[in-house]
Amino acid sequence: MASLPSFPSTTTFQPEPSLLQKLSSIASLPAQKNASSQSISFHRNPLTTQLNGATEQKRYIDFREALSLIRRGTKFKSQVYHPLLQHCIDKNSVSEAEILHAHMIKTGTQEQFFLMTALVNVYAKCGDMKSARKVFDNLPRRNVIAWTTLMSGYVQNSRPESAVEVYREMLESGSLPTGHTLGIALNACSALNLLDLGRQFHAFIIKYKIAHDPSVGNALCTFYSKFGCLKSAVETFKGIEEKNVISWTAIITACGDSSDAASGLRFFIEMLKEDVNPNEFTFTAVISLCSVLLALDTGAQVHSLAIKLGYESNIQIINSIMYLYLKSGRIDEAQNFFNRLESVSMVTWNAVIAGHAQAIDVAKDELLAHRSGTEALRNYFHLNRSVLKPDLYTLSSIFTVCGKILAAEQGEQIHAHTIKTGFLSDVVVGTALVNMYSKCGSVERASKAFLEMSTRTMISWTAMISSFAQHGWSTQALQLFEDMRLAGVKPNQITFVGALAACSHARMVNEGLRYFEMMRKEYRIRPLMDHYGCMVDLYVRLGRIDEAFNVVKKMDFPPNEFIWLVLISGCRDQGNEEIGFHAAQQLLKLKPKDPQIYSILLNYYASAKSWEDVSRLKELMKEEKIGILEDWSWISIKDKVHSFKTSIQRAPGNAGTLRLLDELLDKARSHGYMTHAAMEVNNEVREEEMEHDHYSSASAANHSERLAVAFGLLNIQTDAPIRVNKNTRMCRDCHSFIKIVSSMSSREIIVKDSWRIHRFANGQCSCGEFCGLV
DNA sequence: CTAGGGTTAG
């Protein structure tokens, strides 16, 4: 989802001590032998004991042993069939089911009603609803169980409307539903997004007072949470008389779906206190809550509990724990889990790719972030060459990745290969594509992708509005905002960030105020950090620093670093030292350990010629042992990444690039380009500033992005844009310089710095003449 | 001896 400007906020979950105690006391129990339900039912089963099979592998051999008997036409006792049928479900094998089916017919077993019902189930579970229906239609009689089996098959095979139809048939034939039937019916309603029909089933459930029955209550609980009513889900859960592990898993999942992951964890604790053993479903759900909360420690404890309970090699659990580690930025640990997997499924690939996409956001610096993104791409191409193929989850993740790391070439390539798959008609994939083009600097392609979408959600509209706003197409952004409202789609807080950003970019103060009020009054959205940020930005762009500061004073929570930075930038332009120095102090208080903040503040104080502050900051840096942030830029050309660092710029291999850079600088000067230092600092203090050379604008000529841009000019074909990534914020000098370079060379230059994207063309930048550069 | 409720990825 696009947010603009990006004011990240993360909440971390702090587990209560009692929780940890409970978890660790359970985790320290002696390890149990594998407790998966499969092996238990296996040992109880007469045939499996008889055929001496204990693992998946051996059961497969069992089926082959049975095959010879089948060929001889030996008549089986009915209980012999059940493990064989189960085998077909486990292997998802229609062909083996057909062999059994033929054998049943040959030996006259099809007269056995229960077995044929089981066969309906087998075909349904293997995805062959045609055969399932055929067997059902040939049943000698029909009871509610048979009807329910058929309904369940349709729901599981994404045909909920047929399930509802079967329910009607059942009533007409005179059978009455049981709790199981109603549970499936409710699932069908969720899948069809039919709240009203669900309510009818609900009324039925109330009338017969069966919500306390776990098979009804569990389904009802899930039904409510799918329709966004966690409260009712919790009430239903509380009313279930004999809560089983499924009930607990249902309520934990419901909390996660309703973005109340912390409550989900509390239910998990309660479940442990009630001595209900979680199973593999519960563990995957709980670990996924931990990834939402970025609670790695808690997740690791839950995982160790899972291991104690015998789920060490459960693939689903490993998938979710791997995702948690990736999302927490612990790539090496995640890799270890990946290596331990025996078989890799689509879920695994998608967890790996989505996990790396998340790791980009938590990476300590831009270079690590870029590495995660590259790793996601590597996995994507690996998957593409394997027997499995990317699906809609993979695609939405990979487009997100391309946008985050400015991998426009790969993104376009993947887009082109995806067109024929039909996945682009998925609304999430389409929205991801809009975001990708937007973040890669092409608002035109983003807009094209948006128009090509067959359906749009509020998130799609928001992505496009934010995209227009980000690129300075304010009129289009606001027009689209109005179109969205006309289409009856309700904007959320992020949509308003887009609208307000458009206003601030175009310096439309009345419009900005109007949307701010509309958001509060009409949509009852409480202004958040980003909304205030836009308003501050708006006044700052107009040079009305006092009013910008008034916005800050009116906020009912402390401003973040982005707001102070915008204010400082404006104060630098307006020479407002009273507010500027105050903002600088607040910024330092807020981020006392951030090396980039120091270099920005040193730059600011130097521009204001406040040398005492400069010395004070440098002392502070020594005391706090804060180093100088390494300034990197990189550019990828044909899958190869070329990186540049300010301090090693004079490396011998760069001679040609450096020559071009010198030429450009000379030419720019003749076009009137001047460093800000040259404009602001008079000759007497100039020398003193040189002493602070590393932080000041005086050294901007060496900044890494200039070298990367020059390298791009030499090595990228003339009709393609030059895309540069940078790990810190651009300074004003480089911003002005690249603007001029874009017009001198008639090239489009896109620079993604650690704050936002700048698209330079014809001597202009998409961020506007002002963009919080200090 | 036949059905069911819960799971991971965007």
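Owing to the predicted nature of the structure, the values given are computational and were not obtained by experimental measurement.
- By the 30° and 60° cut-offs, the orientation of the rings of W349(A) relative to H382(A) is perpendicular.
- Looking at heavy-atom distances under 4.0 Å, N121(A) makes contact with sugar-phosphate atoms alone, never a base.
- Taking the six-membered ring for Trp, H101(A) and Y123(A) have ring centres closer than 6.0 Å.
- Among the heavy atoms of the strands, none lies under 4.0 Å from A146(A).
- Between H303(A) and F337(A), the two ring planes are perpendicular [angle over 60°; tilted spans 30° to 60°].
- Note that the first and last nucleotides of DNA chain B, 5' to 3', having any atom under 4.0 angstrom from a heavy atom of chain A are dC1(B) to dG10(B).
- Within 4.0 Å (heavy atoms only), N143(A) reaches at least one base atom of the nucleic acid.
- Using a 4.0 Å heavy-atom cutoff across all strands shown, T222(A) reaches sugar-phosphate atoms only and no base atom.
- Sorted by first and then second residue, the ring pair (Phe, Tyr, Trp, His ring centres under 6.0 Å) pairs involving residues 230-251 of chain A (not counting sequence neighbours) are F237(A)-W248(A), F237(A)-F267(A).
- As judged by a 4.0 angstrom heavy-atom cut-off over every strand, F283(A) is placed among residues making no nucleic acid contact.
- At a threshold of 4.0 angstrom between heavy atoms, the contacts of K125(A) are confined to the sugar-phosphate backbone, with no base atom among them.
- T148(A) comes within 4.0 angstrom of a nucleotide base, judged by non-hydrogen atoms across all strands.
- Across all strands, T253(A) comes closer than 4.0 Å only to sugar-phosphate atoms, never to a base (heavy-atom distances).
- Between D137(A) and R142(A) there is a salt bridge, since a side-chain N of the basic residue sits under 4.0 Å from a carboxylate O of the acidic one.
- For F204(A), the CZ atom is densely surrounded, since the number of other residues' heavy atoms within 6.0 Å is greater than 12.
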